[in-house]
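So the structure is just underneath, and the comments pick up after that.
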Amino acid sequence: MARSAPALSTFTAGEISPRLEGRVSIEKYREGLSDLTNMIVQPHGGVTRRPGTEYLSEVKDSANQTRLIPFEFKTSDTYILEFGNLYMRVFRNGRQVLEGDEKTVTAITKADPGVLTANAHGLSDGDEVYLENDGSAMTELKTRNYLVANSTTNTFTLQDLFGNDIDTTGFTTYDSGITVDKIFELTTPYPTADIPNLRFAQSADIMYFVHPDHQVRTLERQDDHNEWELNAVYLGEPQTAKDITAITKANPGVITISSHGFSNGDIVLLEDIEGMTELNDKYYKVAGVTSNTFTLKDIDDNDIDTTNFTTYSANGTAKEIQPSVPALWGAANNPSVVTFFEQRLVFAATSNNPQSLWFSKNFDYENFTVGSGADDDALIYTIASSKVNAIRFLSATRILIVGTSGGEYVLSTTNNGPVTPTTTVIRKYSNYGCTNVEPVQVADLTLFIQRGGRKVREFQYQGEINTGGYAAPDVTILAEHLTEGTIAEFAYQQEPESIVWALRDDGTLLGLTYRREEDVVAWHKHIIGGEFNSGQAVVESIASLPTDSGEDELYMIVKRTINGVTKRYVEVLANFNIVSNSKNSFYVDSGLSYAGSATTSVIGLQHLEGETVSVLGNGATHPDETVSNGAITTDFSITTGAVGFGFTSKMQTLRLEAGSVDGTSQGKPKRIHAVTLRLHETIGIEVGTDADNVDRIFFRDSSMNMDEAVPLFTGDKEIEFPGGFDDDAKIYAQQTQPLPMTILAIYPRLNTFDK
C-alpha cells in the first residue's frame, strides 16, 4: 500500500466535462474540477466564491420578458437601459433615473389606504413613483418605489409593487419630509417579441438600433440623465429646403409653407425652427396635405401634437428626403446588424439582401450615397458564395470580422490600408457558422457562438505576420456539458478577473475566466438564489458596464416566484473585492445591506415578502428568517448586515491520480486520511467526500462572542478526512453560509492499494 501527498495547486481548467474523466494524463485533468458551482476561477489558480447580487428594482411589468442594454459614453458616465414592452427605463450608478419633477407631499391621512396630498401632482393610477422620506415624520413610510392609485387632482393613495394598498392607520403622524417623483420612462416601438433581436452600436452619446422589422433609429442622450430621444433615421438625400412661415399649436400641429409640393407619406427633415425647437432635427411623415399646409406624423403614423410645444417664432425649413440607397429604404430593407468600423457606420443583412454590407462615408454616418470611388465615399459589398448565408454579426477590432450562418469572413484591403470603395476585399477563413447572438470581444479576440448554439469559438489570428491566417478553435471543448441547450447572451466583465459571462437559455449563468495569454480558459456555472415555479431562479438578461473603480459591473434580470407571484428584478453582482472583514461580506442574492444604528428590525425587504432569507449580522451568521410585512426581526442587535436569498458555493475535484507504484491509480482503492486546505480570507467552509458527507472547519474559538464577527482566516487548515477506501477518491468543499471562501490549493494525504 503506497502513500502519497499530491498537490492540487491550480484549478485553471475550471469545471471540465465528464467525458474527460478518463484523460488523467493530460495537464488540464490535473488543473480541472468535476464541479464548480457559484465559484469563480481566479487567473492566479485558486477558486473563490462569487459575490451575491444586490437588488435594484423590479422591472416595469414582471409579466413580460425584459432586456438590459449597456450605454457607455465614458467609463465614468455609463447607464443600463431596461427595454421592455414598448418602453425604456434608465439606471445610473445603480439607481433608477427619475423624471426630475419632484412633488412635495403636504399631508398624509392615517387611514386604510392612507391619502397623500400633493398639489397638482400630475400623477395617474398605475404610475410607478419613487418616494423619498427624510426620516423626520411617518418613518414607517419607507424610501422606495410604490404604485399610484385613486389619484385626483391633488391627492392619491399608494400600493406596494404587489398591488396591496398601503395602510397608514397605525403610522406616526405626518407633517413634512416626503417627496415623490415618477420613474423616467421613454416610449419605444419595440414590443416584447422584438426586443431579443435588437442590435446596437454606439458612438459617443448616440446609439444606433436596428431590427429587421423596424426602421433604423438613434437613441440620443441629451443634456441630463432623464433627457433621452429615440428618433427614426432615413438613409437618404435631403432635397431643396423649403421655408416654413407658420406652425400652429394644435393636435396635430399645422405647418405652413407656400406651394410646398409635398404629398402625403413623403419623408421630411425639419431644421432651424426658432421657438418651437421641439420639432428640430427629426424626420417626419407628411400628412393632411393642402396646397400650402400639411401636418406631421411620426414613423409609426401617430399625429404630432404641438399643443404643449413652445410657440413658433420664425424661420425653419423642411427638406424632403429621397432614398440614396433603395436597398436600405422601405419594408424588407431594414438592416439587422450594425457596427462602427474605421470611422464608418456599417449596416448588414436586410431581408432582401442578407449577404450585403453598407458602409457610410467617412465621418458622415448617415450618408450612404455611393460616389465616384473616392477613398472616403460610401460603399456596398455583397458576399459571393454558393449558398445564401445571412450575415449574423459584425465584430470590429483592427479587422472587421463578418459572421454568417455558414462561415466566418475577414474584411481587409488589397493594400493593407483603410477601407475604400476600390480596395476592399472579404475572404472566408472558417465554415462553422454562427447564431444571431452578438459576439463578445476580449482583447484582440472575438468569441462567438457556433451555429447550433452550444459551442463557443474564439476567432483569432494564428501564425506569422503576412504568412498566417485566422482560425476559430472551440473554447468549450473541455466543458461541452455546461452549454447543453443554447447560449442566449454574452457579457464581458474585464475587471477584476476577466470573466466572459454566458447566459444559457434555461436561465443558468455560466462564467468563463478567460486569460488566453496565461492559458487560463476556465468555465464555471452559477445558480442564482431563489426559485421560479419550484425550480431554480431564471436569469433572463445580462449586461456589463466598465467603471473607474477597478471593478466592472455585471447587471442581470432575474425571474423568480415571490410570495406566489412571478417577479422580474434588476440586480447587480456585488463587488469582488469588498471583503476586508466579514462585516463587509455580501453573499446573498437579491439582497440588501444594512449599516446604521443598532437594531433588531431590518426593513425595506418588500421585494422578498413571504420568502425565507439568509441573514448576516455584524459579520456573524444568523438563523434564516421569513420576511413579513417587508421586514425581519433578528435575534441580536446589528449595526451592519446583509439579507437575501442564500446560495451554496461548491467545488469537487476529479478522481485523484496519485500514489500507485504499479501504473495508474485509477480503479484502485484509495483512502484519503487527511487534507490540508490553503485558504485566503475564508470563514465557514465544509469539506468531505460529497455534499452528504462533510465536516465543518471551525474558525471561531471560545474567546469570541457568538454575535461578533470571526476574523477572516488566511493560511492552512488541516482536517481528518471522513471517507474510507474508495475507488473514486474525490474531495468536496462547500460554503452554505453568507461568508467568503477562497481555496488556493488542496493537499491530500492518501493511501493507494495496488491490487
Side-chain angles (χ1 to χ4, degrees), residues 67-70 72 196-202 207-211 335-342 345-349 354-355 357 383 389-412 426-462 470-477 482-483 486-494 498-505 509-516 521 523 541-546 552 554:
R67 181 182 176 189
L68 300 178
I69 291 177
E72 177 191 350
N197 290 323
L198 273 181
R199 305 291 282 271
F200 53 89
Q202 185 178 352
M207 179 176 280
Y208 285 83
F209 283 94
V210 298
H211 187 283
S336 56
V337 183
V338 61
T339 193
F340 287 93
F341 183 64
E342 293 189 354
L345 178 62
V346 186
F347 292 126
Q355 295 189 132
L357 300 94
I383 298 174
N389 292 314
I391 295 171
R392 290 182 166 175
F393 76 75
L394 299 174
S395 179
T397 56
R398 66 182 182 88
I399 59 171
L400 181 64
I401 304 169
V402 182
T404 77
S405 57
E408 293 69 52
Y409 298 76
V410 169
L411 181 143
S412 58
I426 295 181
R427 295 186 175 94
K428 191 174 188 180
Y429 279 92
S430 58
N431 293 289
Y432 298 110
C434 62
T435 68
N436 281 321
V437 176
E438 187 76 14
V440 64
Q441 295 176 357
V442 182
D444 62 343
L445 302 176
T446 293
L447 301 181
F448 70 91
I449 303 170
Q450 182 178 322
R451 184 180 63 247
R454 287 192 56 181
K455 294 180 179 178
V456 178
R457 293 189 175 274
E458 54 181 1
F459 199 82
Q460 58 178 239
Y461 189 86
Q462 293 185 342
Y470 293 90
D474 180 5
V475 297
T476 51
I477 185 66
L482 290 180
T483 55
T486 58
I487 294 175
E489 203 167 28
F490 273 138
Y492 177 48
Q493 190 178 19
Q494 179 173 288
S498 186
I499 298 174
V500 176
W501 296 98
L503 179 56
R504 210 165 65 187
D505 62 355
L509 186 61
L510 304 179
L512 171 64
T513 303
Y514 186 79
R515 293 281 289 269
R516 174 54 71 187
V521 180
W523 288 93
S541 183
I542 54 176
S544 178
L545 283 180
D552 295 350
L554 180 74

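A quick note: this is a predicted structure, and the numbers were derived from the prediction, not measured. Quick note: numbers below take in every heavy atom, side chains included, and nothing from hydrogens, waters or symmetry partners.
- With sequence neighbours excluded, no residue satisfies side-chain hydrogen bond (donor to acceptor under 3.5 Å, both in side chains) with Thr483.
- For Arg515, the salt bridge (charged side-chain N to carboxylate O under 4.0 Å, His left out) criterion is met by Glu517, Glu518, not counting sequence neighbours.
- No hydrogens or angles considered: a donor-acceptor pair under 3.5 Å links the side chains of Gln441 and Ser395.
- Put simply, the side chain of Gln493 gets close to the backbone of Asp552: a donor and an acceptor are under 3.5 Å apart.
- From Ile426, atom CD1 reaches atom OG1 of Thr404 across 10.5 Å, with rounding to the nearest 0.5 Å.
- With sequence neighbours excluded, the residues forming a salt bridge (charged side-chain N to carboxylate O under 4.0 Å, His left out) with Arg199 are Glu438, listed by chain and number.
- Every residue two or more places apart in sequence or in another chain that forms a salt bridge (charged side-chain N to carboxylate O under 4.0 Å, His left out) with Arg516 is listed here: Glu458, Asp519.
- The side-chain heavy atoms of Leu411 and Phe341, taken from C-beta on, include a pair separated by under 4.5 Å.
- Counting non-hydrogen atoms of other residues, nucleotides and ligands closer than 6.0 Å to CG of Leu445 gives a total above 12.
- In this structure, the separation between CH2 on Trp501 and OG on Ser544 is 10.0 Å, given to the nearest 0.5 Å.
- Taking all atoms of both residues into account, the shortest heavy-atom contact from Val521 to Val475 is CG1-O, 4.1 Å.
- Residue Gly511 comes nearest to Ile499 through the heavy atom pair CA-CG2, 4.2 Å, listed as atom of the first residue, atom of the second, then distance.
- Qualifying salt bridge (charged side-chain N to carboxylate O under 4.0 Å, His left out) partners for Glu489, counting only residues two or more places apart in sequence or in other chains: Arg67.
- The line from CG of Leu482 to CG of Leu510 is 6.0 Å long, rounded to the nearest 0.5 Å.
- Of the inter-residue distances, the one linking Leu357 atom CG with Ile383 atom CD1 reads 5.5 Å to the nearest 0.5 angstrom.
- A 4.5 Å side-chain heavy-atom check between Thr397 and Tyr461 finds every atom pair outside the cut-off.
- Listed by chain and residue number, Val437, Ile449 satisfy the side chain to side chain contact (heavy atoms under 4.5 Å, CB included) test with Thr435 (two or more places apart in sequence, or in another chain).
- Shown here are the side chain to side chain contact (heavy atoms under 4.5 Å, CB included) partners of Leu345, two or more places apart in sequence or in another chain: Tyr208, Val338, Phe340, Phe347, Ser360, Tyr365, Phe368.
- Side-chain contact between Phe200 and Pro70 is present, with at least one heavy-atom pair separated by less than 4.5 Å.
- Here the CD1-CZ distance, from Ile542 to Phe490, works out to 8.5 Å after rounding to the nearest 0.5 Å.
- Ala349 is linked by a side chain to side chain contact (heavy atoms under 4.5 Å, CB included) to Ser336, Val337, Ile391, counting only residues two or more places apart in sequence or in another chain.
- Residues that satisfy the side chain to side chain contact (heavy atoms under 4.5 Å, CB included) test with Ala472, not counting sequence neighbours, are Ser430, Tyr432, Phe448, Arg457, Phe459.
- Across Val500, Asp474, Ile477, Leu447, a single residue satisfies side-chain contact (heavy atoms from CB on, under 4.5 Å) together with Val456, and that is Leu447.
- Remark: Thr339 engages no residue in a side-chain hydrogen bond (donor to acceptor under 3.5 Å, both in side chains) (not counting sequence neighbours).
- Residues meeting the side-chain hydrogen bond (donor to acceptor under 3.5 Å, both in side chains) test with Asp505, sequence neighbours left out: Thr486.
- Scanning both residues, Gly403 and Cys434, for their nearest heavy atoms gives C-SG, 3.6 Å.
- Under the side-chain hydrogen bond (donor to acceptor under 3.5 Å, both in side chains) criterion, Ser412 pairs with Arg427, not counting sequence neighbours.
- Under the 4.5 Å side-chain criterion, counting only non-hydrogen atoms from C-beta, Val410 is not in contact with Val402.
- Thr476 contributes no side-chain N or O that, together with a main-chain N or O of Lys455, makes up a donor-acceptor pair within less than 3.5 Å.
- Side-chain N or O atoms of Glu408 include one that pairs as donor or acceptor with a backbone N or O of Gly433 at under 3.5 Å.
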